[in-house]
> 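What follows is a single structure, and I will ask about it in a moment.
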Amino acid sequence: MASSTTSLYDVLGIAKTADGNEIRAAYRRLARTCHPDVVSMKKKEVSANLFMKIHAAYSTLSDPDKRADYDRDLYGRNNNPFCSSAAAGFPAYSSIPRNWETDQCW
């Protein structure tokens with residue numbers, strides 16, 4: 001969990017297909033063991049940092065809109081092997097300069 005490339009799903013220890021109940025259950029299970037009020041004095045700082053990561057993962061994944069945005073960022077257009085423009089090495093449409101002449105429908 002110390003890696004910066006760890007996904008929020010890995011932080012909670014759940015599958016990417018987990019539903020709301022699984023996300024909540026994983027959060028509660030981890031909160032009972034990692035909350036700074038529960039651990040010994042020696043581990044409070046490490047526990048606090050870990051709990052903040054767990055809470056951030058839960059707050060993102062439990063909200064459907066935030067989760068959709070996170071998944072879009074995690075599995076972006078360029079990572080999609082089925083996207084023909086990304087697979088062929090062509091620039092995405094949004095990277096093409098646009099003006100009123102190219103936006104006309106005629």
> With rounding to the nearest 0.5 Å, note down the distance linking CD1 in Ile54 to CG in Asn49.
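Reported value, rounded in 0.5 Å steps: 11.0 Å.
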> Same cluster for Val46 and Leu12 if Ile/Leu/Val/Met/Phe/Trp/Tyr side chains link at under 4.5 Å?
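No, no single cluster joins them.
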> Compare every heavy atom of Ile14 with every heavy atom of Glu22, then report the nearest pair and how far apart it is.
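Closest heavy-atom pair between Glu22 and Ile14: O-CG2, 4.1 Å.
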> Using the side chain to side chain contact (heavy atoms under 4.5 Å, CB included) rule, take Arg67 and Tyr9 through it: C-alpha gap first, then chi angles, then the decisive distance, then the call.
CA-CA 10 Å; Arg67 183 177 181 179; Tyr9 296 102; 3.1 Å; yes
> Could you go through residues 25-41 and list every donor-acceptor pair under 3.5 Å that involves a side-chain atom there, pairing it with any protein atom two or more places apart or in another chain?
unit_1, atom_1, unit_2, atom_2, d
Tyr27, OH, His55, ND1, 3.1
Thr33, OG1, Leu30, O, 3.1
His35, ND1, Asp37, N, 3.0

> In terms of hydrophobic clustering (I, L, V, M, F, W, Y; side-chain heavy atoms under 4.5 Å; direct or indirect links), are Val11 and Tyr75 co-clustered?
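Yes; tracing contacts between hydrophobic side chains, which count when under 4.5 Å, links both residues.
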> Would the number of heavy atoms belonging to other residues, nucleotides or ligands and lying under 6.0 Å from NZ of Lys16 be above 12?
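Atom NZ in Lys16 is crowded, with more than 12 foreign heavy atoms closer than 6.0 Å.
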> Tell me whether Arg72 is salt-bridged to Asp69, with the criterion being a basic N under 4.0 Å from an acidic carboxylate O.
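Judged by the 4.0 Å cut-off on N to carboxylate O distance, Arg72 and Asp69 do form a salt bridge.
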> Measuring from atom NZ of Lys53 to atom OG1 of Thr6, what distance do you get when rounded to the nearest 0.5 angstrom?
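Rounded to the nearest 0.5 Å, the NZ-OG1 separation comes to 7.5 Å.
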> Report the distance from atom CG of Leu8 to atom OG of Ser59, rounding to the nearest 0.5 Å.
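Interatomic distance, Leu8 CG to Ser59 OG, rounded to 0.5 Å: 8.5 Å.
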